[in-house]
There are 2 protein chains.
Amino acid sequence: MTTATRVPRGEARARLIAAARDLVRRKGFAATSVDDLCAAAGVTKGAFFHHFASKEALGVALVDDWTEMTGAMFAAHPYNAKEDPLDRVFAYLDLRREFLGRPLPEFSCVAGTTVQESYETSPAIRAAAERSIRSGFDHVLPHLAEALAAHPVPGVTAESLAQQFQVATQGGIILAKALNDPAPARAAFDHLERYLRLLFDRPAATG
Amino acid sequence: MTTATRVPRGEARARLIAAARDLVRRKGFAATSVDDLCAAAGVTKGAFFHHFASKEALGVALVDDWTEMTGAMFAAHPYNAKEDPLDRVFAYLDLRREFLGRPLPEFSCVAGTTVQESYETSPAIRAAAERSIRSGFDHVLPHLAEALAAHPVPGVTAESLAQQFQVATQGGIILAKALNDPAPARAAFDHLERYLRLLFDRPAATG
DNA sequence: TTGATTGCATACCGATTGGTATGTAAGGTT
DNA sequence: AACCTTACATACCAATCGGTATGCAATCAA
């Protein structure tokens with residue numbers, strides 16, 4: 001009655017991480033209990049503590065998996081193929097805006113959520129979140145560096161600009177959650193694009 | 001030796017909210033237990049549930065108090081006295097950057113932290129966070145509206161621009177937590193200022 | 001075919017959780 | 001002076017928490 005079909009051997013760890021991804025995005029890390037995770041994954045607590053030494057270890061694994069997952073997704077995307085580096089950046093922004101059409105928990109960021117709760121209490125999770133945030137820089141950093149090389153802007157570095165993409169993403173998510181509306185998150189990307197067009201003297205094509 | 005001096009009658013509620021403000025900023029809402037709060041405030045659980053019907057009710061009271069506190073702080077500040085509306089906005093940004101010199105938990109935002117955890121699980125707390133975020137808009141909205149009236153920018157509304165201040169604030173805090181460094185939060189405000197100067201054709205004064 | 005290892009499930013544990021029931025002292029009202 | 005209400009403190013509770021000890025079936029190496 002409980003578990004109609006037993007979870008196949010070898011899948012427990014992946015299912016636990018997938019369950020954590022969903023639950024943590026909805027309720028946060030602290031509010032998600034180990035029992036919650038096991039129930040959602042369809043496994044028992046024995047499986048949990050076989051794969052993870054502690055709940056904190058699951059948190060680290062979750063964030064690292066998140067880093068890898070998002071990294072692979074953006075790396076595989078065709079926006080990287082465009083000729084002009086700024087076009088790649090704008091295409092990346094288009095992609096980010098597309099995500100905002102999905103339900104809120106699905107465009108919420110695992111790293112941003114967990115680091116809010118554990119930046120002081122868990123050095124390991126904070127470090128994992130740092131890796132994740134930094135990996136986000138890399139999705140646009142090379143393109144921005146290339147664009148800046150061709151069109152220098154005094155006082156503006158590629159690193160600092162890349163950070164603004166994460167600022168817009170994370171800040172946009174918080175506003176979307178608070179106002180229960182993805183529109184401000186979309187507006188954050190719109191303003192970032194307008195900022196870049198002004199910096200690089202590249203007005204939007206009309207028509 | 002536990003409570004050397006008894007907390008004076010009438011102060012329990014305020015002390016509980018102050019304790020919650022500190023603990024929630026450090027550990028998040030879910031990870032902060034009622035016992036934690038009572039210990040930090042120097043009162044007993046009887047006092048807690050005398051003033052608050054539940055932990056969730058404390059959360060709502062905390063966020064509402066936060067809204068009022070920050071609102072009063074910014075309203076009282078002399079930046080509001082400047083003649084030019086854009087100068088008021090830039091002075092506001094200076095003020096925000098000043099906060100970033102303090103320890104991380106002290107410039108962390110109560111509303112942003114709590115809404116991450118409870119936007120799905122607690123409608124009451126989410127609504128309180130919405131009030132708080134919206135009240136943040138008001139710190140710059142009239143100045144931006146005035147500036148836009150004198151210098152219209154096609155496709156840009158004062159509301160949308162005001163939102164970007166919260167995006168930069170909240171996003172900057174998350175990056176500061178993840179990288180354990182306030183610099184990206186400061187950079188977020190720097191880029192926002194540069195964006196505004198470009199939009200309003202108001203280059204920074206040199207020398 | 002055996003033995004060891006891996007990948008779980010079952011059952012249990014002490015501590016902590018949010019919350020309650022009750023007592024009591026102070027302050028205001030009449 | 002009697003009374004009531006407010007503002008707490010004390011003591012307790014069932015449920016849930018993260019974690020452990022143990023058992024066992026599947027898989028692999030020899």
Side-chain angles (χ1 to χ4, degrees), chain A residues 1-20 23-24 26-63 65 114 117-118 121-125 128, chain B residues 1-20 23-24 26-63 65 114 117-118 121-125 128:
Chain A
M1 184 76 214
T2 49
T3 36
T5 55
R6 189 79 147 253
V7 171
R9 192 182 172 89
E11 289 190 7
R13 190 191 141 95
R15 291 188 57 135
L16 279 167
I17 288 191
L23 289 177
V24 166
R26 294 182 185 278
K27 319 197 294 173
F29 182 72
T32 300
S33 72
V34 174
D35 283 329
D36 284 344
L37 292 169
C38 293
V43 302
T44 64
K45 227 190 276 201
F48 185 98
F49 285 101
H50 173 72
H51 289 289
F52 307 106
S54 63
K55 190 193 173 187
E56 184 185 23
L58 175 272
V60 173
L62 165 67
V63 176
D65 176 84
T114 56
E117 300 178 61
S118 49
T121 55
S122 168
I125 294 184
Chain B
M1 50 184 240
T2 48
T3 37
T5 55
R6 189 80 148 253
V7 170
R9 191 181 173 90
E11 291 190 6
R13 189 191 143 96
R15 291 187 56 133
L16 279 167
I17 288 190
L23 288 177
V24 167
R26 294 181 185 280
K27 318 196 296 173
F29 181 72
T32 300
S33 73
V34 175
D35 283 329
D36 284 344
L37 292 169
C38 293
V43 302
T44 64
K45 228 190 276 202
F48 185 98
F49 285 102
H50 172 71
H51 289 287
F52 306 105
S54 63
K55 190 193 172 187
E56 184 185 23
L58 176 273
V60 173
L62 165 66
V63 175
D65 176 85
T114 56
E117 301 178 61
S118 48
T121 54
S122 170
I125 294 184

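Order of the sequence lines sets the chain letters (A, B, ...), proteins ahead of strands, with each chain counted from 1. Just so you know, these numbers come straight off a predicted model, no measurement behind them. We use all heavy atoms of the structure for the numbers below, so side chains are in, but hydrogens, waters and symmetry mates are not.
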Out of D:dG19, D:dA26, C:dT17, which has the shortest distance to the side chain of A:R9?
D:dA26

Could you state the atom-to-atom distance from CZ of B:R13 to P of D:dT6 in whole Å?
15 Å

D:dA14 P sits how many Å from B:K45 NZ, rounded?
14 Å

Just how far, in rounded Å, is P of C:dT22 from CZ of B:F49?
17 Å

Atom-to-atom span, CZ of A:F29 to P of D:dC17 - whole angstrom
13 Å

Looking only at C:dC8, C:dT20, D:dA9, the nucleotide nearest the A:A12 side chain is C:dC8

Does B:H51 place a side-chain N or O at less than 4.0 Å from the phosphate oxygens OP1/OP2 of D:dA7?
no

Residue B:D35, side-chain heavy atoms: nucleotide from D:dG19, D:dC17, C:dT17 that is nearest
C:dT17

Using whole Å, what does the distance between atom P of nucleotide D:dG18 and atom NZ of A:K55 come to?
5 Å

Decide whether a cation-pi geometry holds between A:K55 and A:F48; the criteria are a distance under 6.0 Å from NZ or CZ to the six-membered ring centre and an angle within 45° of the ring axis.
no

Side-chain donor/acceptor of A:S118 to backbone N/O of A:T121, under 3.5 Å
no

Can you tell me how far P of C:dT17 sits from CG of B:L37, to the nearest Å?
10 Å

Assuming nearest nucleotide by heavy-atom distance, tell me which of B:A30 and A:T44 is located more 5' along DNA chain C.
A:T44

Just by distance, do the side chain of B:E117 and the backbone of B:G28 share a donor-acceptor pair under 3.5 Å?
no

When rounded to whole Å, the CD to P distance for the pair A:E11 and C:dC8 reads 9 Å

Which of the following nucleotides, D:dA9, D:dA26, C:dT17, is nearest to the side chain of B:S33?
C:dT17

Nucleotide nearest B:H50 when distance is taken to its side chain, options D:dA7, D:dG18, C:dA9
D:dA7

Rounded to whole angstrom units, what separation is found between the CZ atom of B:F48 and the C1' atom of D:dT10?
17 Å

pair A:V43-A:L37: side-chain heavy atoms closer than 4.5 Å
no

Contact between A:F52 and A:V34 at the side-chain level, heavy atoms closer than 4.5 Å - yes or no?
no

